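Accompanying notes for the structure given below.
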2 protein chains.
Amino acid sequence: MKLSEYEMDVMQLFWQHEPCTASHIHQLLCEQPGRRKNVAYTTVKTIVDRLEKKGAIERHGQQGRAIVYQSLVTQSTLSKQATPGFMRRFFQGDSRNFIAHFIENEKLDDDDIAYLKTLLDSKKDSK
Amino acid sequence: MKLSEYEMDVMQLFWQHEPCTASHIHQLLCEQPGRRKNVAYTTVKTIVDRLEKKGAIERHGQQGRAIVYQSLVTQSTLSKQATPGFMRRFFQGDSRNFIAHFIENEKLDDDDIAYLKTLLDSKKDSK
DNA sequence: CACCTTTTACTACATTTGTAGTTATTAGTT
DNA sequence: AACTAATAACTACAAATGTAGTAAAAGGTG
């Protein structure tokens, strides 16, 4: 399943707040700092409709007139699908290059670092 | 600068083979295993034209009739621009979650693992 | 120098994406 | 029961994207 950027933004909100309605998603989007402000409700509803058509979410019930949706795909599933392509396009498919970029450029506290080292160790042991 | 997926695929080839012509890129794309086969030359040329219009590459010279191009942006620049959005959409912007996904899902040999641990250590020290 | 092959430049077109308006319906409210 | 605000359903539309065709020009080759 291939979702657009905006569709993914909406899926993120579903994953964090489901089951929920289009209005709820709309509110959440509007509250989101900086990103996209003043998006019309109908715009959000269109995205939600497309997500339903693509099979990423389904109707779960009603809340008054409003349709309550829930997700049908997990974030993990979509991440696994999307990352190889992203890695190839932006890091020549070189995992090491890729992870190195992140370790260097992203915020990680000591706890994170300790955790990731543990992960690396268990990866090594598992082979 | 925002490039499409296909445009990024072509940029990858430029970075690895520049300076080079559209025909050369076309050949390389056709040789690429599995991915997209039988793409028409004109299709590739269109992408190259768009990359030029977007300012991602420029004319560097001629080779017979053919135009030789070279890149104007680095892979690193584009990666730095693209990754925050990718991370947010697919990993809720959580670096730790993100890197963990990679350590778990991507192929890394013992050398890679040792290298990454060193990187994590130097990250820790630098604070 | 005439010709053929390559390559450019331009045009085309269906699909996807971001964005939103319009119309119809209905759940609450008075 | 009538009204109103919310919501769904449908339609619209420009821009971007993937894909390629056509026409024109200009190298190299006989």
Side-chain angles (χ1 to χ4, degrees), chain A residues 1-13 19-30 32 34-70 78 81-82 85-86 88-89, chain B residues 1-14 19-30 32 34-69 78 81-82 85-86 88-89:
Chain A
M1 175 171 352
K2 173 94 185 260
L3 303 185
S4 77
E5 293 191 352
Y6 205 160
E7 285 163 356
M8 274 303 299
D9 287 342
V10 170
M11 282 309 290
Q12 272 305 334
L13 295 174
C20 69
T21 67
S23 314
H24 191 193
I25 296 285
H26 178 226
Q27 268 174 42
L28 292 166
L29 272 174
C30 289
Q32 241 164 31
R35 300 211 318 95
R36 35 181 128 243
K37 46 192 167 189
N38 289 40
V39 59
Y41 165 76
T42 42
T43 301
V44 177
K45 185 57 164 66
T46 300
I47 298 295
V48 169
D49 289 345
R50 287 178 187 166
L51 284 172
E52 192 190 3
K53 183 167 296 179
K54 289 189 179 185
I57 59 177
E58 70 177 349
R59 283 154 195 246
H60 172 259
Q62 300 256 129
Q63 204 175 89
R65 275 210 70 200
I67 299 162
V68 178
Y69 297 89
Q70 74 190 132
L78 291 186
Q81 271 171 36
F86 181 80
R88 177 166 43 75
R89 296 199 174 83
Chain B
M1 177 170 350
K2 173 96 185 259
L3 303 185
S4 76
E5 294 192 351
Y6 205 160
E7 285 164 357
M8 273 304 298
D9 287 342
V10 170
M11 282 309 290
Q12 272 304 335
L13 295 174
F14 271 116
C20 68
T21 67
S23 316
H24 191 193
I25 296 285
H26 179 227
Q27 268 173 42
L28 292 166
L29 271 174
C30 290
Q32 240 164 31
R35 301 211 318 94
R36 34 180 128 241
K37 46 192 167 190
N38 290 40
V39 60
Y41 166 74
T42 41
T43 301
V44 177
K45 184 59 163 65
T46 300
I47 298 294
V48 169
D49 288 344
R50 287 179 187 165
L51 284 172
E52 191 190 4
K53 184 166 295 180
K54 289 189 180 186
I57 59 177
E58 69 178 348
R59 284 155 195 244
H60 172 258
Q62 300 256 130
Q63 204 175 89
R65 273 210 71 200
I67 299 161
V68 178
Y69 297 90
L78 291 186
Q81 270 171 35
F86 180 79
R88 178 166 42 76
R89 294 198 175 84

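The structure displayed is predicted, hence computed values, not measured ones. Naming convention: chains lettered A, B, ... in sequence-line order (proteins, then strands); numbering from 1 in each chain.
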Item to check | Whether A:His24 side chain and A:Val68 backbone form a donor-acceptor pair below 3.5 Å | outcome: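 Looks like no, no N/O pair under 3.5 Å.
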Checklist entry - Quick one: does A:Gln70's side chain have a donor or acceptor within less than 3.5 Å of a partner on A:Ile57's backbone? => result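 Not confirmed, A:Gln70 side chain does not pair with A:Ile57 backbone.
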Checklist entry - Nucleotide by nucleotide, 5' to 3', does protein get under 4.0 Å of the base (B), only the sugar-phosphate (S), or neither (-) in nucleotides 23-28 of chain C, counting heavy atoms? => result --BBSS
Could you give the [atom1]-to-[atom2] distance, from [X] to [N], as a whole number of Å?
X	N	atom1	atom2	result
A:Leu29	C:dT19	CG	P	10 Å
B:Arg59	C:dA9	CZ	P	5 Å
B:Lys53	C:dT11	NZ	P	10 Å
B:Tyr41	C:dA9	OH	C1'	10 Å
B:Lys45	D:dA24	NZ	P	17 Å
A:Ile25	D:dA8	CD1	P	12 Å
A:Leu51	C:dG18	CG	P	10 Å
B:His24	C:dT8	NE2	P	14 Å

Atom pairs, N/O to N/O, protein against nucleotides 14-17 of chain C, distance under 3.5 Å?
| residue | atom | partner | partner atom | Å |
| --- | --- | --- | --- | --- |
| C:dT17 | OP2 | A:Lys54 | NZ | 2.9 |

Checklist entry - Just wondering, do A:Gln32 and A:Leu13 contact through their side chains at under 4.5 Å, heavy atoms? => result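 Touching, per the 4.5 Å side-chain cut-off.
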Checklist entry - Does the side chain of A:Thr43 get closer than 4.0 angstrom to OP1 or OP2 of C:dA20 through an N or O atom? => result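 So the side-chain polar atoms of A:Thr43 do come within 4.0 Å of the phosphate oxygens OP1 or OP2 of C:dA20, strictly under.
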Next on the checklist: Quick check on C:dT19: is either OP1 or OP2 less than 4.0 Å from any side-chain nitrogen or oxygen of A:Thr46?
Outcome noted: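 For C:dT19, neither OP1 nor OP2 has a side-chain N or O of A:Thr46 closer than 4.0 Å.
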Item to check | Whether over 12 other heavy atoms sit under 6.0 Å from A:Gln81 CD | outcome: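 Buried by this count: over 12 neighbours within 6.0 Å.
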Next on the checklist: Once salt bridge (Lys or Arg N to Asp or Glu O under 4.0 Å) is applied, do any residues pair with A:Lys2, and if so which ones, sequence neighbours excluded?
Outcome noted: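 Partners of A:Lys2 under the salt bridge (Lys or Arg N to Asp or Glu O under 4.0 Å) test: B:Glu5.
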Checklist entry - Can you name the salt bridge (Lys or Arg N to Asp or Glu O under 4.0 Å) partners of A:Glu52, sequence neighbours left out? => result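 Scan of A:Glu52 (salt bridge (Lys or Arg N to Asp or Glu O under 4.0 Å), adjacent residues dropped) gives A:Arg59.
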What pairs of donor and acceptor atoms, side-chain ones from residues 40-47 of chain A against any protein atom, are under 3.5 angstrom apart with sequence neighbours left out?
| residue | atom | partner | partner atom | Å |
| --- | --- | --- | --- | --- |
| A:Lys45 | NZ | A:Asp49 | OD1 | 2.8 |
| A:Thr46 | OG1 | A:Thr42 | O | 2.9 |

Checklist entry - Between A:Ile25 and A:Cys20, is a side-chain contact (heavy atoms from CB on, under 4.5 Å) present by the stated rule, with each step listed? => result CA-CA 7 Å; A:Ile25 296 285; A:Cys20 69; 3.7 Å; yes
Item to check | Residue that, paired with A:Glu7, satisfies side-chain contact (heavy atoms from CB on, under 4.5 Å) out of A:Gln12, A:Met1, A:Lys54 | outcome: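 That would be A:Lys54; it is the only one of A:Gln12, A:Met1, A:Lys54 passing the side-chain contact (heavy atoms from CB on, under 4.5 Å) with A:Glu7.
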Checklist entry - Do you know which two heavy atoms are closest between B:Pro19 and B:His60, and how far apart they sit? => result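 So the minimum-distance heavy-atom pair works out to CB-ND1, 3.8 Å.
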What pairs of nitrogen or oxygen atoms, one from the protein and one from nucleotides 1-3 of chain D, lie under 3.5 Å apart?
none

Checklist entry - After noting the C-alpha distance and the side-chain angles of A:Val48 and A:Thr21, does the key distance pass the side-chain contact (heavy atoms from CB on, under 4.5 Å) rule? => result CA-CA 9 Å; A:Val48 169; A:Thr21 67; over 6 Å; no
